[in-house]
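First the structure, in the form of structure tokens, and then the observations on it.
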Amino acid sequence: MNILSIETSCDETAVSIVRADGDFPNATYAVLGNALFSQIDIHREYGGVFPAVAKREHAKTLVPMLEKALTEAELLSKKESSLPEEKSSELYTILHREPGLGEMLIHFLEQHEVPKIDLISVTSGPGLEPALWVGINFARALATHWNIPIVPINHMEGHVLSSIFTENKIPEISFPALALLISGGHTELVLMKNWGDYTRIGETRDDAVGEAFDKVARMIGLPYPGGPEIGTRAQSARDNNLPTFITLPRPMLDADNLDFSFSGLKTAVRYAVQDKELSPDDIASIAREFEDSVTEVLLKISVKAIEVHNVQTLIVGGGVSANTHIRETFTSFFTAEYPHLAVYFPPRNLSTDNSIMIALAGHAHTAQARTGEQFAEVKADGNLPIGAHE
Ligand code: KG4
Ligand code: ZN
């Protein structure tokens, strides 16, 4: 089957076409088309993501991404026609909250034959609701027009699948598995007893890790998104053995639960830097200490969860899993101390938000696909917990 997937939960507008041969989890996948537009340059000016700006940009970019992905997949052929009045007014009704998108989509549909797509998979949460709605309404318009089903997808489950996706397959993994999901909006530990069986066993009490990276970066004068910036500076501090500028706590290590807390790190950095002129070395040194603290906390709390739940497989996912220091520290620690634990990190291009992961999750949930009149059940939920739509 050919799956068209749509991701608009935050600041990436992404559309992919993935062909699945076989049933989940034993299928072979082929990424036929993959189009992604990152709004990072637009949000950088504001120092973070503004939902209304993200929504506007998604509405502008979805049709070009659709066209790019379908072209790459060689599923697009030209025609010239005009949609009957009732068809275009149906599409305008579905897209009435997305200014401009209705016109662009109708124009696109009038110029192209119906492509061979069997299912539309779209992120329905968690994320920024105005941004999620653009993707959902776009999916509803396409699915209505093409008369195919839609499957709503949890973005975090997408991250789990993109972390293990290897050589176009979902590998066989041993359960229980533990997913450490670290992104701009989320930090959680999820226990998986089987495919689709998710229990959240730990989460952040305050800021998400990615959010802490972004906020600390901003305080020390680094641009958005802060994660990669801090990573580079921290590495140069290690390479050059720079002196310590600040010593940060390792929050929550002594707690008798599996939760995280990162806002204290941010506050500690704020006090340490206020009213100070920071040299490039000071900035690098702060970045190193912050990254060390976060890495140690993530590692030690994961180890606690692995011990308590007899975990066989560790899956690290979400944008922060792109971090080199976290990857290297985890890999060398677990290779030495837990040689039987299988550890997965996503390939670099699938660590941050993308739509390939939404196609994989869509394939896992084909049984939950909605048709026709059930499209109204597909709704954005900014706080959708993983596993909730089972
Ligand atoms: O998963 P993601 O792309 O979007 C959300 O679902 O939130 O994660 C984005 C987050 C941002 O906070 C960004 O700073 C962080 O991931 N990030 C990183 C790195 N690359 C992205 N954090 C640390 N190191 C990185 N290399
Ligand atoms: Zn994400």
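Remember, it's 1-based here, ligands and their atoms both numbered in the order they're listed. None of the values given here were measured: they were computed from a predicted structure.
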- Quick one: pull up CD1 in I326 and OG1 in T324 and give me the separation to the nearest 0.5 Å. 9.5 Å

- Output the list of atoms in ligand 1 that are nearer than 4.0 Å to some heavy atom of G184, sorted by atom number. 5 (C), 7 (O), 8 (O), 9 (C), 10 (C), 12 (O)

- Near the Zn ion (ligand 2), which protein N/O/S atoms are found at less than 2.8 Å? H155 NE2, H159 NE2, D353 OD1

- Query: Do the rings of H155 and H159 sit parallel, tilted or perpendicular, given the 30° and 60° boundaries?
  - Reply: perpendicular

- Sub-3.5 Å N/O-N/O distance, G185 and ligand 1: yes

- Message: I'd like to know if G231 contacts ligand 1, where contact means a heavy-atom distance under 4.0 Å to any ligand atom.
- Response: no

- Task: Tell me whether the centres of the aromatic rings in F24 and H365 are closer together than 6.0 Å.
- Result: no

- When distances are taken from atom 22 (N) of ligand 1, the protein heavy atom at minimum range is G227 CA, 3.2 Å

- Message: With side-chain hydrogen bond (donor to acceptor under 3.5 Å, both in side chains) as the criterion, how do S81 and E110 come out once you've worked through the C-alpha distance, each side chain's angles and the decisive distance to 0.1 Å?
- Response: CA-CA 5 Å; S81 66; E110 286 179 336; over 6 Å; no

- Verify side chain to side chain contact (heavy atoms under 4.5 Å, CB included) between L4 and L119, making sure each step is shown before the conclusion. CA-CA 6 Å; L4 181 136; L119 174 70; over 6 Å; no

- Query: Would one find an N or O of E12, backbone or side chain, under 3.5 Å from an N or O of ligand 1?
  - Reply: no

- Which protein heavy atom lies closest to atom 15 (C) of ligand 1, and at what distance to 0.1 Å? V320 CG2, 3.9 Å

- Does S5 use its side chain to pair, donor to acceptor, with the backbone of S355 at less than 3.5 Å? yes

- Task: Report yes or no: does S38 contribute a side-chain atom to a donor-acceptor pair with the main-chain N or O of I40 at less than 3.5 Å?
- Result: yes

- Hey, which atoms in ligand 1 end up nearer than 4.0 Å to a heavy atom of G210? 12 (O)

- Starting from atom 12 (O) of ligand 1, find the nearest protein heavy-atom neighbour and note its residue, name and distance. D214 OD2, 2.8 Å

- Would you say F330 and V294 are hydrophobically clustered, going by side-chain heavy atoms of ILVMFWY under 4.5 Å? yes

- Is there a donor-acceptor contact under 3.5 Å from the side chain of N154 to the main chain of E157? yes

- Task: Would you mind telling me if ligand 1 is within reach of the side chain of N323, the backbone, both or neither, using heavy atoms under 4.0 Å?
- Result: both

- Message: Donor-acceptor check, side chain of T331 to backbone of R327, threshold 3.5 angstrom: yes or no?
- Response: yes

- Message: Regarding ligand 1, does C10 bring an N or O atom to under 3.5 Å of one of the ligand's N or O atoms?
- Response: no

- Is the shortest N/O to N/O distance between F213 and ligand 1 below 3.5 Å? no

- Message: Distance under 4.0 Å to a non-hydrogen atom of H155: what atoms of ligand 1 satisfy this?
- Response: 6 (O)

- Message: Can you tell me if H159 contacts ligand 1 (heavy atom of the residue under 4.0 Å from the ligand)?
- Response: yes

- Query: Any donor-acceptor pair under 3.5 Å linking the side chain of R205 with the backbone of S261?
  - Reply: no

- At a 4.0 Å threshold, what atoms of ligand 1 neighbour a non-hydrogen atom of S183? 1 (O), 5 (C), 6 (O), 7 (O), 8 (O)

- Taking atom 21 (C) of ligand 1 as the reference point, the nearest protein heavy atom with its distance: G319 O, 3.4 Å

- Mark up the atoms of ligand 1 that fall under 4.0 Å of a heavy atom belonging to P225, in ascending order. 14 (O)

- Query: At what distance is the nearest protein heavy atom to atom 4 (O) of ligand 1, and which residue and atom is it?
  - Reply: D353 OD2, 3.1 Å

- Would you please indicate if the ring centroids of Y92 and H96 are separated by under 6.0 Å? no

- Message: Quick check: do E12 and Q39 have side-chain heavy atoms less than 4.5 Å from each other?
- Response: no

- Task: Kindly assign one of parallel, tilted or perpendicular to the pair F290 and F213, based on the angle between their ring planes and the thresholds 30° and 60°.
- Result: perpendicular

